[in-house]
Participant: 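Please see the structure below; I have some questions.
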Amino acid sequence: MVSVSRLLLLFLCSYYHALIASAGGEQSYKILASSSQKPQVVCSQPRVSPPSSSGTTVPLNHRQGPCAPVPSEKKPTLAEMLRRDQLRADYVQRKFSSKHRASGLQSSEVTVPTNLGSALDTLEYVITVSIGSPAVTQTVLIDTGSDVSWVHCDGSSPFDPAKSTTYAPFSCGAAACAQLGAEGNGCSNSQCQYVVMYGDGSNTTGTYGSDTLALTGSEKVSGFQFGCSQAEAGFGDKTDGLMGLGGDTESLVSQTAATYGKAFTYCLPPTWGSAGFLTLGAPSTTSGFATTGMLRSEQVPTFYGALLQGINVGGKPLDVSPSVFSAASVVDSGTIITRLPPTAYSALSSAFKEGMKQYPTAPSRSILDTCFDFDGQDNVTIPSVALVFDGGAVVDLDANGIILGSCLAFTATDDDGTTGIIGNVQQRTLEVLYDVGQSVLGFRPNAC
């Protein structure tokens, strides 16, 4: 039976939409279940459509959610998540600050100094793989902003290289060791050493070597190169390590290029309590995807970028010139909130508020300043939001990709010339395609 309050809500929403329509044309809306904004304790059955690629697929879960193999015991507050997220965003954007602005993400050669790192604590999604012979199961974070993969090897961790018959450390003179570049950390006992420093100050050091990586029971990567971490600082999570999905030579994507064509897709689930997937390999067709050109930096090949052209709210384009987005945006699995140029964010916030007049406003929450009071509501009606990329690709965001913690899940960069970031909240339920070989980014809706 439908409750009186539910009927009243539906009536008010219909009445409000009628007013909007009579005042100036239809607008499009989405229904957001208030329960999706709350912590979930049970893993729901995945609503996963078959991945577009025929490559190798592994389940992907939120590391703090009930679907993770070993859920984190200590779940951060929204304020703490956003604080960490700002650290990562600041670190990325500093690399494209004023003195380097002329050489941001482009489709041709650019010059950006040093390597981009990340704040490790912002990473939210994990996959489960196996390493070694005999195979040892490892639950690892995924990161499109990292290249060097690594697992814990400190004696108390599940993987012990001494017990694997296929593990081999690289010598200091090996090509793989020289390839590490800034992540190289010299030589110890004639073995190659690596170091990865993250934007939040955490770091991992140890021996760089190779072993057999099993993605599934039958799909294996022989001679997979990774770091065996023997000394760390700043880690407090139960994950076993990290899988780098960046674009540089050391990443899983580059190491498996001969098999999977240097392409992968993933789908980040709508909530912590549901599941997604990661697939290595490109789809046979991109007909179901909204596609745009992939922007890269030859000096910083880790990151993948795209060029926004506009934003639609309620089905109507914002009055913002495409030139506002000229600094381009990094598409990142490890940044939570999307960062837009201030001119674009201001227009988005104003248009969104206009479509939310039926709900009281609420105080800002950390970096989120367009917030609402949804108390007592089972479901809320919000204006649709779509990102429009270069070439006309329109990406309609899921309701859970628009609102986080009762706030609009976007914030502004320092100025219109600062590199933007497309965060993981906005990517929820989309199958995101990174086809490095073809220089294409794609987005397929309702994939998980």
Side-chain angles (χ1 to χ4, degrees), residues 2-38 47 49 267-271 274 290 308-320 337-338 340 344-362 365 368-389 392-411 422-431 443-448:
V2 180
S3 67
V4 174
S5 61
R6 173 68 174 150
L7 287 171
L8 180 60
L9 173 63
L10 291 173
F11 171 77
L12 289 174
C13 287
S14 299
Y15 177 69
Y16 180 75
H17 293 172
L19 287 178
I20 292 292
S22 64
E26 282 291 342
Q27 293 200 34
S28 59
Y29 288 82
K30 292 181 178 289
I31 301 297
L32 175 70
S34 296
S35 59
S36 69
Q37 300 289 297
K38 299 172 182 177
R47 182 182 61 84
S49 65
C267 187
L268 307 181
T271 67
S274 48
L308 272 174
Q309 296 272 269
I311 301 173
N312 299 337
V313 178
K316 298 181 178 181
L318 298 179
D319 185 16
V320 176
I337 302 299
T338 287
L340 296 174
Y345 175 70
S346 178
L348 169 62
S349 176
S350 296
F352 196 80
K353 286 176 183 175
E354 186 67 24
M356 294 289 285
K357 286 183 175 178
Q358 69 271 45
Y359 301 109
T361 58
R365 304 186 68 175
L368 305 180
D369 62 11
T370 305
C371 302
F372 306 91
D373 183 353
F374 297 144
D375 283 353
Q377 307 283 353
D378 291 331
N379 296 286
V380 296
T381 305
I382 63 174
S384 64
V385 177
L387 304 179
V388 183
F389 289 92
V394 179
V395 180
D396 189 34
L397 304 182
D398 185 78
N400 284 293
I402 300 171
I403 293 287
L404 181 67
S406 302
C407 300
L408 180 65
F410 293 78
T411 191
I422 308 300
N424 62 41
V425 168
Q426 281 63 42
Q427 297 174 46
R428 289 175 175 179
T429 76
L430 299 168
E431 183 176 11
F443 306 88
R444 181 173 72 93
N446 303 314
C448 65

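Residue numbers run from 1 in the order of the sequence given. No experiment lies behind these values; they were computed from the predicted model shown.
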Participant: Under 3.5 Å, is there a donor-acceptor pair between the Y345 and T338 side chains?
Facilitator: no
Participant: Do I311 and V320 have side chains that get closer than 4.5 Å, going by heavy atoms?
Facilitator: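 Answer no - side chains too far apart.
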Participant: Once rounded to the nearest 0.5 Å, what's the spacing between atom OH of Y29 and atom CE of M356?
Facilitator: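 Result: 9.5 Å between the selected atoms.
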Participant: Check this for me: does any side-chain nitrogen of one of D398 and K30 sit under 4.0 Å from a carboxylate oxygen of the other?
Facilitator: no
Participant: Which residues satisfy the side-chain contact (heavy atoms from CB on, under 4.5 Å) test with A362, sequence neighbours excluded?
Facilitator: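 So A362 forms a side-chain contact (heavy atoms from CB on, under 4.5 Å) with C371.
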Participant: If the plane angle is over 60° it's perpendicular, under 30° parallel, otherwise tilted; pick one for F389 and F443.
Facilitator: parallel
Participant: Checking Q427 side chain against I422 main chain: does a donor-acceptor pair fall under 3.5 Å?
Facilitator: yes
Participant: Could you tell me which non-hydrogen atom of G401 sits nearest to which non-hydrogen atom of Q426, and how far apart they are?
Facilitator: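 For G401 versus Q426, the nearest heavy atoms are O-NE2, 3.1 Å.
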Participant: Within a strict 4.5 Å, meaning less than it, do heavy atoms of the V380 and I31 side chains meet?
Facilitator: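 Not in contact.
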Participant: What about Y359 and F374, are their ring centers closer than 6.0 Å?
Facilitator: yes
Participant: Has the side chain of E431 got a donor or acceptor atom that lies under 3.5 Å from a matching backbone atom of A447?
Facilitator: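 Pair absent, no side-chain N/O of E431 close to backbone of A447.
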Participant: Does any part of the side chain of I402, heavy atoms only, come nearer than 4.5 Å to the side chain of V425, both counted from C-beta?
Facilitator: no
Participant: Going from CG on L430 to CG on N424, what distance comes out if it is rounded to the nearest 0.5 angstrom?
Facilitator: 11.5 Å
Participant: Do side-chain atoms of R428 reach the backbone of T271 as a donor and acceptor pair under 3.5 angstrom?
Facilitator: no
Participant: Locate the shortest heavy-atom distance separating A386 from V394; write the atom from each residue and the value.
Facilitator: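 So the two residues come closest at CB-CG1, 3.9 Å.
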Participant: Given the rule in the side-chain contact (heavy atoms from CB on, under 4.5 Å) test, do N312 and V388 qualify, once you have shown the distances and angles that lead to the verdict?
Facilitator: CA-CA 7 Å; N312 299 337; V388 183; 3.8 Å; yes
Participant: How close do S384 and G315 get, heavy atom to heavy atom, and via which atoms?
Facilitator: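 Heavy atoms only, the tightest pair is OG-N, 3.5 Å.
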Participant: Heavy atoms only: give me the nearest C448-L268 pair and the separation to one decimal.
Facilitator: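 Closest heavy-atom pair between C448 and L268: SG-O, 3.4 Å.
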Participant: What is the minimum heavy-atom distance between Q358 and G355, and which atoms define it?
Facilitator: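 Taking every non-hydrogen atom into account, OE1-O, 3.4 Å.
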Participant: CG of L348 to CG of L340: how many Å apart, nearest 0.5 Å?
Facilitator: 6.5 Å
Participant: Is the closest side-chain heavy-atom distance between D369 and T411 below 4.5 Å?
Facilitator: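 Result no, sub-4.5 Å side-chain heavy-atom pair not found.
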Participant: CD1 of I337 to CZ of F410: how many Å apart, nearest 0.5 Å?
Facilitator: 9.0 Å
Participant: Hydrogens and angles aside, do S349 and S346 bring a side-chain donor and acceptor to less than 3.5 Å of each other?
Facilitator: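 Judged by distance alone, the side chains do not pair up.
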